[in-house]
Amino acid sequence: MKNILGISVLNVVSTVPQIIISTTVSSTVTTANTGHNVEDRGDLNFDVFKDDPRNYVLNPKAVGAATKKVSKAVEQAVRDNKLTVTLGGDHSISIGTIHGHARAEPNLCLLWIDAHADINTPLTTPSGNIHGTPLSFLVNQLKDTIPWAALPSFDWLQPCLNITDIAFVGLRDLDPGERYILQKFNITSFSIHEVDRFGIHEVIARSLEAVNPKGDRPIHMSFDIDSVDPAATGATGTPVPGGLTFREGMFIAEHVYRTGLLSALDLVEVNPEVGSRQDKVNTVMTAVEVLTACLGKKREG
Ligand SMILES: CN[C@](CCCC[B-](O)(O)O)(CCN1CCCCC1)C(=O)O
Ligand SMILES: [Mn+2]
Ligand SMILES: [Mn+2]
Ligand SMILES: [Mn+2]
């Protein structure tokens, strides 16, 4: 079981709210007496350059280079036995965080908390936006669906997940290609319909039972802030009505913390470019609360 010797916080996109989150996380976690020493490993900055025109996906060169850098940083942090928190940035960064985590912890399992499955392949994506495709680059069973030769900036990447390693929670907006993949491979997924039907405790318990039945696998949780209802997360790029309540998001975080197996955490899709000022305040607050609950901050006394 992973000891939490410290938390390394990686800021993938150093926009102001990310810095607010990371410093808030650092101070909140330490002052919340969760017993962690927080090491802020700073911002990962990337060259922003004119990318190729859409080639199955948009900005393949920039995202390929960025996620390679993220992978190296996360691998190192995990190898340093740190519970590694990566603040996005959009969900494409998880190509790097999961790849890097898996290089250090090949036996990891994955909880994908999101309104979306993010498992379009470069051939099925309707938008070409890579944040809707990260899992297709990572899953062994989808390896042959990726046009690798056309995407040389991802030549560093080896798929590292089995379909059976993944559980989705919070789904409510799937593209046809994603629906086909989820059904074809019978991937463990709990949409908002199941959350309403079974309740969040049952959903997260069944998710963990599916991907970590013996409770012996390091957990990677990839938390897309748009999994939580837009009422609490207006500053995000692809909001979908009818999301998890703030309390359900907190319950997931607390429940996963209590496993003692959380090994890496992504918090993504907080987008300071969209929404009202209040939306931004709400979204950063939601992100900080979920994040600190993942690290042991408790709501009860
Ligand atoms: C559902 N798939 C979308 C959204 C992906 C969201 C990525 B995440 O990281 O935020 O979860 C949306 C595709 N739709 C866009 C509007 C028209 C219909 C297709 C895509 O662009 O692939
Ligand atoms: Mn996502
Ligand atoms: Mn999403
Ligand atoms: Mn998004």
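As the structure lists them, so they are numbered: ligands from 1, and atoms in each ligand from 1. Only this structure's heavy atoms are used, side chains among them; waters, hydrogens and symmetry mates stay out.
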Can you list the atoms of ligand 1 that are under 4.0 Å from a heavy atom of [X]?
X      : result
Ser127 : 20 (C), 21 (O), 22 (O)
His91  : 9 (O)
Asp114 : 11 (O)
Asp224 : 8 (B), 9 (O), 10 (O), 11 (O)
Thr238 : 6 (C), 10 (O)

If I apply the N/O under 3.5 Å rule, does [X] come out as touching ligand 1?
X      : value
Thr125 : no
Asn120 : yes
Asn129 : no

Backbone or side chain, does [X] get an N/O/S atom under 2.8 Å to the Mn ion (ligand 3)?
X      : result
Asp114 : yes
Asp118 : no
His116 : yes

**Prompt:** Are a donor atom and an acceptor atom from the side chains of Ser227 and Asp224 found within less than 3.5 Å of each other?
**Reply:**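 There is no such pair between these side chains.
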
**Item:** Shortest-distance N/O/S atom, Asp224 versus the Mn ion (ligand 3)
**Value:**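 Nearest N/O/S atom of Asp224: OD2.
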
**Asked** Which is it for Val228 and Phe223 under the side chain to side chain contact (heavy atoms under 4.5 Å, CB included) test, yes or no, and what are the steps along the way?
**Response** CA-CA 10 Å; Val228 175; Phe223 199 105; 4.0 Å; yes

**Prompt:** Once the angle between the rings of His220 and His101 is folded into 0 to 90°, is it parallel (under 30°), tilted (30 to 60°) or perpendicular (over 60°)?
**Reply:**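 Answer is tilted, since the angle falls between 30° and 60°.
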
**Prompt:** the Mn ion (ligand 2) to His131: any N/O/S contact under 2.8 Å?
**Reply:**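 No - counting backbone and side chain alike, His131 has no N, O or S atom under 2.8 Å.
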
